[in-house]
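These notes are about the structure you will find just below.
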There are 2 protein chains.
Amino acid sequence: MQLKKYTDYGLRILMYLASHDADESQEGPKLATIREICDTFDLSANHVNKVVHHLGRLELIETRRGKNGGFVLAQRPEDISLAFVIRQLEGDERWIECENPYCVALPACELRGIVARGKELFYEYLDQYTLKSLMVKAPQLRQIFAAGR
Amino acid sequence: MQLKKYTDYGLRILMYLASHDADESQEGPKLATIREICDTFDLSANHVNKVVHHLGRLELIETRRGKNGGFVLAQRPEDISLAFVIRQLEGDERWIECENPYCVALPACELRGIVARGKELFYEYLDQYTLKSLMVKAPQLRQIFAAGR
DNA sequence: TTATAAGACGCATTATGAATGTATGATTGA
DNA sequence: TCAATCATACATTCATAATGCGTCTTATAA
């Protein structure tokens, strides 16, 4: 019972972009690249590649291919809900599996509903927070990220 | 992000025992056996073996070795918190991993605390429920379990 | 006291899925 | 056209959950 690294990477990428965008507010945000992210967080390019692609499909970031390509946030940090990001990247599966294989107790079992409601509470809580909530210490983050490249 | 089958099995075993105990209220509960559980839920004996052992160490059930051995609930269903059972069987790990490998953003990152709090909310919610809460449809469960053997 | 039925428990193996890697295509700018 | 960049399919590795096996210990009945 743990979030996937995949999800973790996605959140880190968004934080990186949020810090990056704020940085260059004058002349519009410069595009970040997969390479940059990998250098900063010491991650595998292939994996980050996939997460970036996924974030693009979710329209959380805008990607641009070709030379000088890259990506930026497609929404304001305060509009990106952590619940949404985590749910999407995790895949929003059931937290407990009752069919497949089928459990005989299922027709009379209360557990499924209880766990499902607990899960919803988790996400409702996360829904109070946005990418902006993660940027409370933005100056420090900018410094960390700048040092990494 | 899903509960382990191990945890699931543990909960099923407890439900089985709760239904079973209530059944024989006259002359004290008869011992259930691993074989019975396996037959009822169609699970592997080896796996159930381990879960039973674990439940015993947690003092949720009393086990008896030797011929005519088996196990019964060691506490009343209303005293067995679902939060406790799930936490223990899951192993109560972090839902997000920030060190190991270490993430550069950690010193300025808000995510860890947010996820940790969400996790606590999940368990606080579960803490409202007990094994007894799972037995709302006890008669139906008894019937299902009886048919299985 | 012996045979047997039960759990205890360590170790080995298998299965699953996350994590990572490789390769190539598509797109864009210089 | 070339090089940089994301897009995407496919393959491989690795971690660990899940399962299996064997043997020990304990308790009871015959």
Side-chain angles (χ1 to χ4, degrees), chain A residues 1-10 12-13 16-17 30-39 41-74 86 89-91 93-97 100-101 103, chain B residues 1-10 12-13 16-17 30-39 41-74 86 89-91 93-97 100-101 103:
Chain A
M1 184 82 160
Q2 207 175 328
L3 295 174
K4 293 187 281 190
K5 285 193 185 182
Y6 185 84
T7 304
D8 187 4
Y9 294 176
R12 292 194 206 179
I13 292 166
Y16 183 87
L17 293 178
K30 193 174 129 287
L31 299 184
T33 64
I34 289 173
R35 160 174 285 272
E36 243 176 84
I37 305 272
C38 293
D39 289 351
F41 292 100
D42 193 25
L43 303 177
S44 128
N46 311 289
H47 208 187
V48 171
N49 192 327
K50 278 154 206 174
V51 182
V52 164
H53 177 56
H54 197 164
L55 293 174
R57 278 193 284 120
L58 293 173
E59 302 192 330
L60 293 171
I61 65 178
E62 276 177 34
T63 60
R64 239 224 347 277
R65 305 210 270 195
K67 197 161 185 177
N68 298 327
F71 39 90
V72 281
L73 286 181
I86 294 179
L89 296 185
E90 280 298 305
E93 67 193 339
R94 290 242 167 72
W95 280 10
I96 192 166
E97 184 62 62
N100 190 32
C103 168
Chain B
M1 186 80 161
Q2 207 175 329
L3 294 175
K4 293 187 281 190
K5 287 192 184 181
Y6 185 85
T7 305
D8 187 6
Y9 294 175
R12 291 193 207 179
I13 293 167
Y16 183 86
L17 293 178
K30 191 174 131 290
L31 298 184
T33 65
I34 288 174
R35 161 173 284 272
E36 243 175 85
I37 305 272
C38 294
D39 289 351
F41 292 101
D42 193 24
L43 303 177
S44 129
N46 309 291
H47 208 186
V48 171
N49 193 327
K50 277 152 208 177
V51 181
V52 165
H53 178 56
H54 196 163
L55 293 174
R57 278 193 284 120
L58 293 173
E59 304 192 327
L60 293 172
I61 65 177
E62 276 177 33
T63 60
R64 222 176 53 258
R65 306 210 269 194
K67 198 162 183 177
N68 297 328
F71 39 89
V72 281
L73 286 181
I86 294 179
L89 296 185
E90 279 298 306
E93 68 192 339
R94 289 241 169 72
W95 281 8
I96 192 166
E97 185 62 62
N100 190 35
C103 169

Could you check how far [atom1] of [X] sits from [atom2] of [N], rounded to whole Å?
{"X": "A/Leu55", "N": "D/dT8", "atom1": "CG", "atom2": "P", "answer": "14 Å"}
{"X": "B/Ile37", "N": "C/dA6", "atom1": "CD1", "atom2": "C1'", "answer": "14 Å"}
{"X": "A/Asp8", "N": "C/dT20", "atom1": "CG", "atom2": "C1'", "answer": "16 Å"}
{"X": "B/Met1", "N": "D/dA17", "atom1": "CE", "atom2": "C1'", "answer": "17 Å"}
{"X": "A/Asp42", "N": "C/dA19", "atom1": "CG", "atom2": "P", "answer": "16 Å"}
{"X": "B/Ile61", "N": "C/dG7", "atom1": "CD1", "atom2": "P", "answer": "9 Å"}
{"X": "B/His54", "N": "D/dA17", "atom1": "NE2", "atom2": "C1'", "answer": "15 Å"}
{"X": "B/Lys4", "N": "C/dG17", "atom1": "NZ", "atom2": "P", "answer": "16 Å"}

| message | Any salt bridge linking A/Lys4 with A/Asp8? Criterion: basic side-chain nitrogen under 4.0 Å from a carboxylate oxygen. | response | no
| field | Phosphate OP1/OP2 of C/dT20 contacted by A/His47 side-chain N/O (<4.0 Å) | value | yes
| query | Any side-chain N or O of B/Tyr9 under 4.0 Å from OP1/OP2 of D/dT19? | reply | yes
Please examine the side chains of [Y] and [X], heavy atoms only from C-beta on, and report whether any two atoms are closer than 4.5 Å.
{"X": "B/Ile34", "Y": "B/Cys38", "answer": "yes"}
{"X": "B/Thr63", "Y": "B/Leu31", "answer": "no"}
{"X": "B/His54", "Y": "B/Leu89", "answer": "yes"}

| query | When you look at CZ of A/Arg57, are more than 12 heavy atoms from neighbouring residues, nucleotides or ligands closer to it than 6.0 Å? | reply | yes
Proximity to the side chain of [X] - top-ranked nucleotide from [options]:
{"X": "B/Asn46", "options": "D/dA7, C/dG21, D/dG20", "value": "D/dG20"}
{"X": "B/Asn49", "options": "C/dA19, C/dA8, D/dC6", "value": "C/dA8"}
{"X": "A/Ser44", "options": "D/dT19, C/dA19, C/dG21", "value": "C/dG21"}

| request: Quick one: list whatever passes side-chain contact (heavy atoms from CB on, under 4.5 Å) with A/Arg65, sequence neighbours left out. | output: none
| field | All side-chain contact (heavy atoms from CB on, under 4.5 Å) counterparts of B/Glu59, not counting sequence neighbours | value | none
| query | Hey, which of these two, A/Ala45 or B/Gly56, hits DNA chain C nearer its 5' end, going by closest nucleotide? | reply | B/Gly56
Expected rows: protein N/O vs nucleotides 10-14 of chain D N/O, under 3.5 Å:
none

| message | Run the side-chain hydrogen bond (donor to acceptor under 3.5 Å, both in side chains) test against A/Glu90 and tell me which residues pass, sequence neighbours left out. | response | A/Thr7
| field | Residues which pass side-chain hydrogen bond (donor to acceptor under 3.5 Å, both in side chains) with A/His47, listed by chain and number, not counting sequence neighbours | value | none
For nucleotides 1-5 of chain D, print each protein N/O atom paired with a nucleotide N/O atom at under 3.5 Å, atom names and distance only.
residue: D/dA4; atom: N3; partner: A/Lys67; partner atom: N; Å: 3.3
residue: D/dT5; atom: O4'; partner: A/Gly66; partner atom: O; Å: 3.2
residue: D/dT5; atom: O2; partner: A/Gly66; partner atom: N; Å: 3.0

